[in-house]
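Below is one structure, written out as structure tokens; the observations come after it.
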Amino acid sequence: MKTPSVIIIGAGIGGLATALRLAHAGYEVTVLEAHSGPGGKMRTVPSAAGPIDAGPTVLTMKHVFEDLFADVGETLGDHITLQPLDTLARHYWDDGQTLDLMADIDASAEEIKQAFGIRAREEFLTFSDRARRLFSAFDAPMMQHPSPQPIALAKCVLRQPKLVADMAPHRSLHTLLCSSFSDPKLVQLFGRYATYVGGSPFQSPALLSLIWHAEAAGVWSVKGGMHQIAQTIAALAETKGATFHYDTPALRISQQGGRAAGVETPTGRICADAVIFNGDPRALQTGLLGDAITSAVPEVSVAPRSLSAHVHTFAATPKGISLAHHTVFFARKERAEFEALSAGRTPDDATLYLCSQDHPETGTGRFEIIRNAPPDLSQSPKEIAECHAQTFQRLKAFGLTFDHAPPVNALTTPQDFATLFPGSLGSLYGRSPHGMMAAFKRPTAHTQIEGLYLCGGGAHPGAGVPMATLSGRHAADAIMTDLTLTSRSRQTAMHGGMSTA
């Protein structure tokens, strides 16, 4: 029997997870990547201190990666070194208030008590219990399920009626937080989790409060940086037979008999039994991979768009306040920040997230700063320079300076992201998470074109490194099931419809 062949367009974490699973299963796997190496949004930029993570930096849900490696006969710890963080994140407000959230929930509760009082401590524990219940209830039928349906979720809720109150249907995350916490600083802190999937707490559903549990269950740093995960999975996939072609963009997905049958590249056409697209699904919907492919996903699956970001990456020596691996500097007015973002404007005063990749007490360290931005492709050089200056002026107001300011070209803008990731319009998280039904509108692994599949942060179950990794499992499972059925159908047809048994 002929070995099934699969082409994966894109070597982001979703495509890498798919490649590893399929190669382990014996498929002939070819990965086409337009950039010079694996990782996709999990990218790095060079510096005098070494490569700097310039994409996602928060690693949660370790079990997703343990499962991936176990499923291909490997052990995660034999390939990647993960260090659990005692301090999940350090938070600063401009009035001098600080708060550390800890890996130990009781330690976090005590930190909150010291900062905001005993009432805030009890509110936090109640909120954390709620997030845990939501995560536990919706993990299997939503995130782990290849194609979640509202009816199935409704049945899940009917079996646990108390979940209705936990979900707070038809309420925004911000509204839920206002009823959960008496101190507005904690409302602002936990509202920030909506931005993990590219949304505003004022427009995202209250159900997103479950994101807190994913972080409360553990955050890890990666030896060598987050990009090490991508490099390791790519290398492991190669040992199992996958072939990677870097600096090789996909120009068009070709079809035969209405089925995806190959990919055209600058050097020629590669044929395959199935094609997986690990990019922004909007690229398919808008015809960037061929006009005949636009029906693969409906427009409702790719619009409206999620947030983008301004991302600084640089090496320098920090001075002033103490930094954790993850440190957050909050905007003065939460609502004003998100009103500007919703209107498509870059806020003058925005919350800043800083990742200290090296935790230097003294000497040079590598840093990434992320500031939420709209997917706005019209910023002028002057506006970009102003955004750059505002970021470091704001950090200075908090007491943080660096021995030298990075140049403006250390900033990656929404325009840059639009170029790096075709079809995205600069949006980093695919479709917006706003609205109660947004999660059901994301495209799943199966598209409307036979033989064409999706994986990555723009597909179900959504944005974030663990979610995109899960999408790889969904895509691999779908292909293995469909190609097995197709092979059996062909065998039956060859034998005149008679059983081969």
Side-chain angles (χ1 to χ4, degrees), residues 10-21 39-42 55-69 71 76 131 134-148 153 173 192-199 204-205 207-220 222 226 229-230 233 276-282 297 301-302 305-307 309 370 421 424 427-434 438-446 453-478:
I13 188 63
L16 293 172
T18 310
L20 179 56
R21 290 181 183 276
K41 294 186 178 73
M42 194 185 288
T57 58
V58 180
L59 185 70
T60 60
M61 299 177 67
K62 179 185 175 185
H63 64 88
V64 169
F65 306 94
E66 291 174 329
D67 291 346
L68 170 62
F69 279 74
D71 286 348
L76 176 65
L134 287 171
F135 190 96
S136 298
F138 290 104
D139 182 30
M142 192 70 189
M143 291 175 280
Q144 303 288 341
H145 197 283
S147 182
L153 266 293
L173 177 59
R192 191 179 73 87
Y193 288 99
T195 66
Y196 279 32
V197 291
S204 297
L207 184 60
L208 289 190
S209 57
L210 62 76
I211 295 175
W212 159 239
H213 178 73
E215 189 160 296
V219 177
W220 285 262
V222 185
M226 289 285 286
I229 298 175
I233 295 176
I276 306 143
F277 184 66
N278 175 211
D280 196 307
R282 187 179 175 277
V297 293
S301 295
V302 298
R305 305 300 291 167
S306 62
L307 293 177
I370 301 176
F421 309 114
S424 68
S427 171
L428 290 176
Y429 311 88
R431 191 191 190 282
S432 168
H434 296 165
F440 297 103
K441 294 177 181 177
R442 281 187 179 274
T444 61
H446 283 99
Y453 303 83
L454 297 177
C455 66
H460 170 74
V465 177
M467 297 294 101
T469 303
L470 280 175
S471 79
R473 190 190 77 192
H474 296 326
D477 288 348

Evaluate the side chain to side chain contact (heavy atoms under 4.5 Å, CB included) criterion for residues Val64 and Leu68: first the C-alpha distance (whole Å), next the side-chain angles of each, then the deciding distance (0.1 Å), finally the verdict. CA-CA 6 Å; Val64 169; Leu68 170 62; 5.9 Å; no
List the residues meeting salt bridge (charged side-chain N to carboxylate O under 4.0 Å, His left out) with Asp67, not counting sequence neighbours, and say none if there are none. none
Side-chain (Ser204) to main-chain (His434) donor-acceptor, under 3.5 angstrom: no
Going through the checks in order, is the side chain to side chain contact (heavy atoms under 4.5 Å, CB included) test met by Val302 and Val297? CA-CA 8 Å; Val302 298; Val297 293; 4.3 Å; yes
How many angstroms lie between CG in Leu59 and CH2 in Trp220, if you round to the nearest 0.5 Å? 7.5 Å
Considering residues at least two apart in sequence or located in another chain, which fulfil the side-chain contact (heavy atoms from CB on, under 4.5 Å) criterion with Ala459? Leu454
Looking only at non-hydrogen atoms, find the nearest pair between Ser471 and Gly456 and report the distance. OG-N, 2.7 Å
Which atom names give the shortest non-hydrogen contact between Gly430 and Asp280, and what distance separates them? CA-OD2, 4.1 Å
In short, Ala478 meets Ala445 closest at the heavy-atom pair CB-CB, 4.4 Å
If we only count heavy atoms from C-beta on, is the Leu134 to Ser209 side-chain gap below 4.5 Å? yes
For the pair Arg305 (side chain) and Ser424 (backbone), establish whether a donor and an acceptor sit closer than 3.5 Å, ignoring hydrogens and angles. yes
Go through Thr444 and His474 one step at a time and tell me if the side chain to side chain contact (heavy atoms under 4.5 Å, CB included) criterion holds. CA-CA 8 Å; Thr444 61; His474 296 326; over 6 Å; no
How long is the straight-line distance from CG of Leu207 back to CZ of Phe138, given to the nearest 0.5 Å? 5.5 Å
Of all heavy-atom pairs between Ile370 and Ala309, which one has the smallest distance, and what is that distance? CG2-CB, 3.9 Å
Separation between CZ of Phe440 and OG of Ser147, rounded to the nearest 0.5 Å: 10.0 Å
Any donor-acceptor pair under 3.5 Å from Arg442 side chain to Gly457 backbone: yes
Hey, what's the ring geometry for His213 with Phe135, parallel, tilted or perpendicular (30° and 60° as the breaks)? tilted
Atom NE2 of His460 and atom SG of Cys455: how far apart are they, to the nearest 0.5 Å? 13.0 Å
Just how far is it from atom CE of Met143 to atom CG of Leu470, taken to the nearest 0.5 Å? 8.0 Å
Nearest heavy-atom neighbours spanning Thr469 and Val465: OG1-O, 2.7 Å
Could you walk me through whether Arg473 and Gln144 pass the side chain to side chain contact (heavy atoms under 4.5 Å, CB included) test, one step at a time? CA-CA 9 Å; Arg473 190 190 77 192; Gln144 303 288 341; 2.9 Å; yes
To the nearest 0.5 Å, atom OG1 of Thr195 lies from atom CG of Leu428 at 11.5 Å
Counting distance only, does the side-chain N/O of Ser306 pair as donor-acceptor with the main-chain N or O of Tyr429 below 3.5 Å? yes
Closest contact, heavy atoms only, Met142 versus Pro148: SD-CB, 3.7 Å
